[in-house]
Every structure is written in structure tokens, then in C-alpha cells.
Peer 1: 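Dropping a structure here in C-alpha cells format, bear with me for questions.
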Amino acid sequence: MIIVTGATGKLGRRTVERLLERVPADRVGVSVRDPRKAQDLADRGVRVRQGSFDDPASLVHSFEGAEQLLLVSLDRTGQECVAGHRVAIDAAVQAGVGRILYTSQMGAAHDARFQACRDHAQTEDLLRATSLPWTALRNGFYASSALQFLESARHAGDIALPADGPVAWTGHDDLADATAAILAQEARFEGPTPPLTGPAALDFDTVAEIATRTTGRPFTRTVIPDDAFREQVLAHGAPAPIADLMLSIFAAARNGEFTAVDSTLAELIGREPATFGSLLERAWAE
């Protein structure tokens, strides 16, 4: 059995779909907070069990019989995130899981400027401390985050954001393909993988040029002070911790924490990963 958490989310759902192209449905299980949202998977023969990171016993039940567990990182930050991952890892040990694959991130480090990367580093420490074999998928920074940052510029034509640095923006579909390949044992890694990245690291100056070529409309890039950006985010209703988290992405990018570009993702999926331009074109067409 291969069990996937977060199977109704962006990455988890895509990974399950790619996995079903490689292994029989009766070898795949999902652990989800709301099984109703995974009913279509159950109809296709996938084992669906309710599992909550706030209910350790439910996770032990969800993980039962797992040769491999894909632990998709929680959409939480700080100690709330790490504590949830600790619950899941403890449940995996209790359930006798054979191996844990964890969706970490490129730039995972205890001294990272980006809070999520510090959370990933702490979670990797928890995995290291278990007796289980484990793999940390050092995923490239999700391109969907860049697309969210660009949403206000989409019609205005001006990318007004804090100073940044090159980031290896990477598509969910490519990462799901790679994750499924590893789960299907087409490749194996012990501990952290190399960075699983898109083909280039881009700053928002370059993104403006790409947007111009993609749309045929001119896009400019305006650098705004960090404080002004934070005030804008707060004015749109985001809580202060979220504003600080968003700002820390730019601080980390300026610090060069997301610049690595590696060929491992291409090798895993058997093709060049999607370019940011192609991801932008598809997202804006939709």
C-alpha cells in the first residue's frame, strides 16, 4: 500500500492521479480530513480513510498497512506546522509504515529567511530521529505562488512587489509526476533529494519580460519598499502573520535561498519541466 495525505489538495490530488497511472488502485490509499471530498477516488478503488492531524488515532488507522507514506506538508506555519508533522510521523511509526516521503522545499534550513523552510528543516530533523527510512522531497518553489503575486498585475500591467532575487519557480504537475515516480519505486533517495526545480531561476524583472512576450502587452516592474508592501497586504484583510510570511519570501529570495536549478526533476519525469512562461500562459488563459 502507498498512502497519501492531503489527497484533496493541489499537490496530493495530482500525485494520486499520476500514481494511479503506474500502480493498481487497490495499492493506493488516501488519508483525508473529509472522505466525502475523495468519494470519486473511492469509486475508482482507492482506499479512503478519514485522518486528521489533530486526531493521532485516526492517522494510525489511515496509515495502516502502508509500505510507503507520502506526508504532504501542512498548510500551517511555525510550531503549529511542526507539531502537526510530529503527530503524523509518530502515527506512521506506530502504524509500522515502511518509508515516509515528505514534501519539503528547496532552501529548507534552520537559518532560512522564509518561515516555511525553517519548518521543513525541523520536520526533516524529526524524520532523521525516527528508525524509519525516509525521503525529503526538496520541491522547487511552487509557481502558483508567483502567479498569485502577479494577479494584481495581470490587468494593471505593473508588477509592483518588494525587491527580490532569482527563484526556481516549479509547476505542481511536474512535481506530482516526480513524486509518483519515486513512490512507484522508479527511483529512490535516502534523506533529502537534490532540489526538484523548474528549468530556470527567475526574478520578477525577468518575469515582467516573460509576461510581456506571453500576452503581447507591456509589463513593467516596480520595486516597492517592504513596509509599503506589508501595509498593502494588511489593507486587503490579511492577518499580520500572513503579511510577514509573504514578505519573508522576498527576503529569502534576496538572500539567494531559491536560486538552485537542478536536473533531477527532469530526469525523474523524463522531460524538461514546464517553463514559467508556459505555466503563466496556461493560468492566464484559464
Peer 1: Between Glu17 and Arg44, does at least one N-O distance fall below 4.0 Å, as a salt bridge requires?
Peer 2: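 Salt bridge: yes.
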
Peer 1: Should the pair Arg33-Asp54 be classified as a salt bridge under the 4.0 Å nitrogen-to-oxygen rule?
Peer 2: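 The answer is yes: the pair qualifies as a salt bridge.
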
Peer 1: Take the angle between the ring planes of Phe204 and Trp169 and call it parallel below 30°, perpendicular above 60°, tilted in between.
Peer 2: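 Tilted, since the angle between the ring planes falls between 30° and 60°.
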
Peer 1: Does the distance from a Lys or Arg side-chain N to an Asp or Glu carboxylate O, for Glu209 and Arg221, drop under 4.0 Å?
Peer 2: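 Salt bridge: no.
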
Peer 1: Val87 vs Leu59, test: side chain to side chain contact (heavy atoms under 4.5 Å, CB included). Steps then yes/no.
Peer 2: CA-CA 9 Å; Val87 167; Leu59 292 182; 3.9 Å; yes

Peer 1: Tell me every residue that passes side chain to side chain contact (heavy atoms under 4.5 Å, CB included) with Glu67, counting only those two or more places apart in sequence or in another chain.
Peer 2: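 In terms of side chain to side chain contact (heavy atoms under 4.5 Å, CB included), with neighbours along the sequence ignored, Glu67 is linked to Arg27, Gln185.
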
Peer 1: Do you know which of Arg13, Lys10, Arg14 makes salt bridge (Lys or Arg N to Asp or Glu O under 4.0 Å) with Asp173?
Peer 2: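 Result for salt bridge (Lys or Arg N to Asp or Glu O under 4.0 Å) with Asp173: Arg14.
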
Peer 1: Please test Val28 against Leu41 for side chain to side chain contact (heavy atoms under 4.5 Å, CB included), starting from the C-alpha separation and ending with a verdict.
Peer 2: CA-CA 10 Å; Val28 180; Leu41 293 175; over 6 Å; no

Peer 1: Give a yes or no on whether the backbone of Leu183 and the side-chain of Gln68 come within a donor-acceptor separation of less than 3.5 Å.
Peer 2: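 Flag set: sc Gln68 to bb Leu183 pair under 3.5 Å.
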
Peer 1: Is Arg128 salt-bridged to Asp125, going by a charged N under 4.0 Å from an acidic O?
Peer 2: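 Judged by the 4.0 Å cut-off on N to carboxylate O distance, Arg128 and Asp125 do form a salt bridge.
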
Peer 1: Same cluster for Tyr142 and Leu247 if Ile/Leu/Val/Met/Phe/Trp/Tyr side chains link at under 4.5 Å?
Peer 2: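 Each belongs to a different hydrophobic cluster.
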
Peer 1: Which residue pairs pass the salt bridge (Lys or Arg N to Asp or Glu O under 4.0 Å) test when at least one of the two sits in residues 129-152, sequence neighbours left out?
Peer 2: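 Every salt bridge (Lys or Arg N to Asp or Glu O under 4.0 Å) pair that includes a residue of residues 129-152, provided the two are not neighbours, is Glu124-Arg138, Glu151-Arg154.
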
Peer 1: Salt-bridged, Glu190 to Arg99, with N to O below 4.0 Å?
Peer 2: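 The answer is yes: the pair qualifies as a salt bridge.
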
Peer 1: Is the number of heavy atoms from other residues, nucleotides or ligands under 6.0 Å of Gln39 CD greater than 12?
Peer 2: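 Enclosed.
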
Peer 1: Will you find, in the side chains of Asn139 and Thr103, an N or O donor that is under 3.5 Å from an N or O acceptor?
Peer 2: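 No, Thr103 and Asn139 have no side-chain donor paired with an acceptor closer than 3.5 Å.
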
Peer 1: Ignoring hydrogens and geometry, is there a side-chain-to-backbone donor-acceptor pair from Thr5 to Val72 under 3.5 Å?
Peer 2: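 Flag set: sc Thr5 to bb Val72 pair under 3.5 Å.
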
Peer 1: Examine distances only and state if a side-chain atom of Ser104 and a backbone atom of Leu137 form a donor-acceptor pair shorter than 3.5 Å.
Peer 2: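 Side chain of Ser104 to backbone of Leu137: no pair is present.
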
Peer 1: Start with the C-alpha gap between Phe141 and Phe114, add the side-chain angles, then the distance that decides, and say whether ring-ring contact (aromatic ring centres under 6.0 Å, His included) holds.
Peer 2: CA-CA 11 Å; Phe141 212 113; Phe114 183 36; 5.6 Å; yes

Peer 1: Do the charged groups of Asp174 and Arg271 touch, with an N to O distance under 4.0 Å?
Peer 2: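 Salt bridge flag = yes for Arg271 with Asp174.
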
Peer 1: Flag the pair Thr275 / Pro199 as yes when at least one side-chain heavy-atom distance between them is below 4.5 Å, and no otherwise.
Peer 2: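 A side-chain contact under 4.5 Å exists here.
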
Peer 1: Closer than 4.0 angstrom, basic N to acidic O: yes or no for Asp226 and Arg254?
Peer 2: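 Judged by the 4.0 Å cut-off on N to carboxylate O distance, Asp226 and Arg254 do form a salt bridge.
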
